[in-house]
Amino acid sequence: MAFGKGHHLHLIDGSAFIFRAYHALPPLTRKSDGLPIGAVSGFCNMLQRYVEGNVGGDVTHVAVIFDKGSHTFRNDMYDQYKANRDAMPEDLRPQMPLTRAATRAFNIACEEIEGFEADDIIATLARQAEAEGGRCSIISSDKDLMQLVGGGVVMVDAMKGNKVIDREGVEEKFGVGPERVIDVQALAGDSVDNVPGAPGIGIKTAALLINEYGSLEELLDRAGEIKQPKRRETLINHREQIELSKRLVTLDDKMELPFTLDDLEVKDPDPDTLLAFLAEMEFRTIVKRISDKLGVDAPVIEDAAPVAEDAPEQPPFDAEKYEWVKDATALQTWIDRIYARGYVAVDTETTALNEMRAELVGISLCVEAGQACYIPLIHKGGAADDLFGDDALADGQMDFEECLTLLKPMLEDDSILKIGQNMKYDAKIFARLKIDVAPIDDTMLMSYAMNAGLHNHGMDTLSERYLGHTPIPIKPLLGSGKSAITFDRVPVEEAVKYAAEDADITLRLWQMFKPQLHRKQVTSVYETMERPLVPVLAKMEMSGIKVDRDTLSRMSNAFAQKMAALEDELYELAGGKFNVGSPAQVGEILFDKMGLEGGKKGKTGKYSTGADILEDLATEHDFPGRVLDWRQLSKLKSTYTDALQTHINEETGRVHTSYSITGANTGRLASTDPNLQNIPIRTDEGRKIREAFVAEDGKVLVALDYSQIELRILAHVANIPALKQAFKDGHDIHAMTASEMFNVPLDEMTSDVRRQAKAINFGVIYGISGFGLARNLRIPRAEAQGFIDRYFERFPGIRTYMDDTIAFAKEHDRVETLFGRKIHTPEINAKGPGAGFAKRAAINAPIQGTAADVIRRAMIRMDDAIAHLPAKMLLQVHDELVFEVDKDAADDLIAAAKDVMENAANPVVKFDVPLVVDAGIGATWAEAH
DNA sequence: ACGCTCACG
DNA sequence: GACGTACGTGAGCGTA
């Protein structure tokens with residue numbers, strides 16, 4: 001039957017499928033021979049899901065289109081086309097032919113043509129289908145294909161839940177109809193494909209211009225009429241480049257193809273061929289699924305692939321099935337189910353992301369994959385009550401207090417495990433409502449324990465990677481910018497789908513991760529250093545630290561005055577007004593206007609004006625020094641004295657940061673909203689900011705910090721006798737290093753020599769390089785290299801440690817801390833400049849990570865150790881803990897806390913060197929440190 | 001949204 | 001042999 005009216009052609013962008021599969025899955029290998037097959041596996045799953053999704057659909061013709069080779073006619077037009085693409089990963093290359101074989105095994109047409117991109121073939125076929133009066137759906141999210149939409153052609157974005165992109169979708173993305181997409185692309189260019197376009201013009205501006213002038217050609221011809229001088233010149237000066245860009249982005253839709261539309265007719269796969277291929281790949285799960293579906297016996301796979309165990313059969317996600325809990329009877333049914341099961345996934349919806357300010361809006365629960373509910377509590381928008389802004393409660397919601405009263409016993413029940421994704425957030429919301437959620441599990445922390453370094457651990461990432469499911473995005477529900485609404489304004493109907501799905505996803509992730517923890521040997525890391533931190537941090541964050549607004553405000557004013565004075569001086573020196581805060585303008589004045597030497601342009605074409613460069617120039621001119629002074633004040637004012645005031649909570653009068661447990665790959669915490677881990681201390685002026693951090697009346701702040709913890713850990717792991725002895729004897733480690741290296745007796749040590757040794761000591765922790773040390777010490781590179789050589793000569797154990805660490809990383813794609821925390825280093829075997837980064841990170845991670853483990857252990861034990869004292873732990877700054885305590889109990893606190901910190905490694909790790917903790921007391925953080 | 005700059009350990 | 005590099009973070013600003 002010839003393709004024509006009533007027929008529907010599906011064109012699948014093969015490369016997009018492959019890359020998505022590759023990035024979505026861990027690097028699986030075939031068990032029998034170690035052949036990488038992660039991408040093939042994902043590709044087959046996607047094909048299978050695609051085929052299933054279209055059973056009974058109206059698809060009549062289908063093909064998967066691939067790219068062939070990397071050289072196309074576009075490279076002949078422009079040699080830089082796609083020149084910035086990274087090389088294909090080594091473990092993906094051998095999988096490329098297998099994806100073609102997989103396509104054929106599914107009996108789907110598989111096409112690729114030398115010298116052309118898949119997009120050109122897709123364009124040609126789409127136009128042919130259109131000409132024959134049929135329809136065409138392109139399965140891809142590549143915006144380059146949007147020019148084809150219209151007539152009978154649409155795109156289907158498989159990444160976004162098969163969202164259909166039609167004419168309107170294209171207009172939304174490009175601001176013009178499909179016919180003008182290439183005009184917009186020609187102007188905007190494309191950094192991914194390295195299409196130059198017109199410098200400084202993005203999609204928004206391009207669409208504006210094209211809509212005004214009708215077409216690119218018209219625009220270029222009448223470019224002289226444009227009012228904005230910069231834009232006018234850009235278009236006139238870059239005409240050729242823009243026209244080239246248009247040719248690059250225009251798809252060839254008139255290729256001569258060695259096959260016809262009729263050849264693409266949908267055919268059922270041959271079960272034997274398909275199963276044989278899948279069995280050969282050792283895809284146990286998908287073999288079983290397809291055998292069951294076709295009603296045939298599954299071929300025997302000798303060696304079970306490990307994927308199968310991790311991916312038990314799960315019902316598909318179906319937002320329509322989630323329950324809207326409206327009353328106590330319905331809720332009680334859920335509570336009964338939870339007790340029958342022993343565990344429940346919980347998620348809260350609130351009015352804000354800041355837990356200290358957010359109000360609880362609703363709760364979702366899930367007890368079994370696919371079976372979840374949402375309990376809306378204070379959604380607005382019931383009876384129209386426009387006088388009061390529609391603030392009436394929506395119908396179908398149970399009483400707030402009644403709901404909490406019913407849930408509280410369950411949430412606090414020792415026998416019911418509460419599972420969450422980032423449970424610290426939900427626990428804090430509940431804690432403010434006097435509910436102590438325990439015991440808990442946290443899928444985000446499980447992922448972190450298993451996969452630190454591989455990817456982030458947000459719900460969207462985890463769901464996509466491990467469940468192959470893209471969660472309902474929150475953006476469309478809340479909107480953005482000025483018109484954004486809070487979750488209590490989301491219609492309950494929509495809220496149920498979104499909120500219940502989160503609990504559903506969390507439960508499914510937990511079911512998958514729980515058995516993996518053992519297999520990946522991170523159970524103890526998770527159970528001793530991740531999960532127990534949740535209540536500890538929640539408590540610290542809720543305590544907050546008192547910050548004195550008046551002190552900050554006074555400092556702000558003083559800074560503003562000094563800045564204004566500096567600005568006047570700078571304008572004088574520059575011979576005119578300019579924006580001191582603009583690095584670009586500072587660079588121009590220094591290097592163009594004043595003609596100073598040493599201007600280096602970065603990749604954006606701007607002069608670099610970092611502090612190190614300006615410091616070098618300060619000897620030649622007054623200007624750069626003044627800029628540095630101004631910058632320091634500007635930083636202190638905007639980031640600290642001004643911004644910090646906005647973070648003072650109205651109710652508590654204190655600042656409540658939020659610690660991210662999974663924020664840093666090494667095991668360190670990260671502090672946000674505000675970041676209290678980078679409050680100034682290095683300069684006297686900045687240090688004053690710490691005077692605004694104060695204790696309540698009758699109390700004092702106590703700061704305890706580990707002395708040289710990373711160097712002590714280095715001395716231990718690299719087993720350097722001289723360093724270990726120096727720490728045991730309590731000597732000045734930097735002076736000792738200097739003495740050993742430069743053969744200077746300790747009593748003749750100069751501060752300068754000690755400073756250099758200190759830089760080397762730190763450099764070693766960071767994965768030292770001659771270049772880095774030279775820059776840090778401002779000495780010639782050869783001299784720096786000489787220092788390093790001498791250091792390694794004197795402490796050969798350090799070099800051995802570094803080599804061993806890198807060898808371990810190369811073999812296992814990860815490094816470990818002394819406590820067993822695993823930190824993945826996926827780039828360690830990469831070629832190119834990335835390799836250097838990866839090596840240094842691999843050297844640093846076990847040291848920084850072990851120190852992070854030590855303080856985590858201390859924090860977890862601290863609660864009990866100081867429970868008998870009128871004291872609270874408030875802050876953690878990597879190697880420092882800050883407490884607030886009644887004045888007369890300060891000494892007791894110091895004794896207790898110091899003991900916990902110094903012995904935090906015991907009994908798991910027995911350090912050869914003592915861990916020493918220094919203490920300080922004061923009315924402010926400045927005094928205490 | 002992204003790069004620059006700079007605050008901390 | 002050249003190239004580009006100290007490790008780990010977060011926030012504010014200017015610029016597109």
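Chain identifiers are assigned alphabetically (A, B, ...) following the order of the sequence lines, protein sequences preceding nucleic acid strands; residue numbering begins at 1 within each chain.
Partners of A:F578 under the ring-ring contact (aromatic ring centres under 6.0 Å, His included) rule, at least two apart in sequence or in another chain, are A:Y571, A:F623.
Among the protein residues, A:A845 comes within range of no part of the nucleic acid, since none of its heavy atoms lies under 4.0 Å from any strand. At the heavy-atom level, A:F837 lies under 4.0 Å from the strands shown only through sugar-phosphate atoms. Counting non-hydrogen atoms under 4.0 angstrom, A:T609 reaches the backbone sugars and phosphates but no base. Residue-level contact check: A:I847 touches neither bases nor backbone, having no heavy atom under 4.0 Å from any strand. The residue A:D705 sits apart from the nucleic acid: no heavy atom pair falls under 4.0 Å. Backbone-only contact: A:Q632 has heavy atoms under 4.0 Å from sugar-phosphate atoms and none from a base. Residue A:D879 is in sugar-phosphate contact alone, with no base atom involved, counting any heavy-atom pair closer than 4.0 Å across all strands shown. When heavy atoms are screened at a 4.0 angstrom cut-off, A:R687 is found touching no nucleic acid atom at all. At the heavy-atom level, A:L636 lies nowhere under 4.0 Å from the strands shown.
In terms of heavy atoms, A:V854 sits closest to A:A904 at O-CB, 3.4 Å. Between A:N776 and A:A759, the closest heavy-atom pair is OD1-CB, 4.1 Å.
For A:Q228, the CD atom sits in a packed shell: over 12 heavy atoms of surrounding residues, nucleotides or ligands are nearer than 6.0 Å.
Put simply, the side chain of A:R631 and the base of B:dT5 share no donor and acceptor less than 3.5 Å apart. One donor-acceptor pair, N or O on each side, does fall under 3.5 Å between the base of B:dG9 and the side chain of A:R682.
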Side-chain atoms of residues 836-852 of chain A: list all donor-acceptor pairs with protein atoms under 3.5 Å, sequence neighbours left out, distances to 0.1 Å.
residue: A:N844; atom: OD1; partner: A:Q848; partner atom: NE2; Å: 3.2
residue: A:N844; atom: ND2; partner: A:I765; partner atom: O; Å: 3.0
residue: A:Q848; atom: OE1; partner: A:T666; partner atom: OG1; Å: 2.7
residue: A:T850; atom: OG1; partner: A:L818; partner atom: N; Å: 3.2
residue: A:T850; atom: OG1; partner: A:P846; partner atom: O; Å: 2.5

Below 3.5 Å, can you tabulate the donor-acceptor pairs from side chains in residues 629-636 of chain A to any protein atom, sequence neighbours excluded?
residue: A:W630; atom: NE1; partner: A:E567; partner atom: OE2; Å: 2.8
residue: A:R631; atom: NH1; partner: A:T609; partner atom: O; Å: 2.7
residue: A:R631; atom: NH2; partner: A:T609; partner atom: O; Å: 3.3
residue: A:R631; atom: NH2; partner: A:T609; partner atom: OG1; Å: 2.8
residue: A:Q632; atom: NE2; partner: A:T683; partner atom: OG1; Å: 3.0

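Nucleotides C:dC3 and B:dC8 place their C1' atoms 30 Å apart, quoted to the nearest Å. Rounded to whole Å, the P atom of C:dG4 lies 22 Å from the corresponding atom of B:dC6.
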Encode nucleotides 10-16 of chain C as B, S and - characters from 5' to 3', where the letter depends on protein heavy atoms closer than 4.0 Å: B to the base, S only to sugar-phosphate, - to neither. BBSSSSS
DNA chain C in dot-bracket, Watson-Crick or G-U pairs under 3.5 Å, [ ] crossing, | other strand? ......|||||||||.
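With C:dG8, B:dC6, B:dT5 as the candidates, the nucleotide lying closest to the side chain of A:L628 is B:dC6.
By the 4.0 Å N-to-carboxylate-O rule, A:R712 lies too far from A:E902 to be salt-bridged with it.
Between A:F591 and A:Y607, the ring-plane angle classifies as tilted under the 30° and 60° cut-offs.
Tested against A:Q876 for a side chain to side chain contact (heavy atoms under 4.5 Å, CB included), the candidates A:L537, A:I855, A:L676 yield a single pass: A:I855.
Between A:R840 and the phosphate of C:dT5, there is no side-chain N or O to OP1/OP2 separation shorter than 4.0 Å. Side-chain N/O atoms of A:R668 include none lying less than 4.0 angstrom from OP1 or OP2 on C:dT9.
Within residues 755-769 of chain A, the residues that place at least one heavy atom under 4.0 Å from DNA chain C are, in residue-number order, A:A759, A:G763, A:Y766, A:I768, A:S769.
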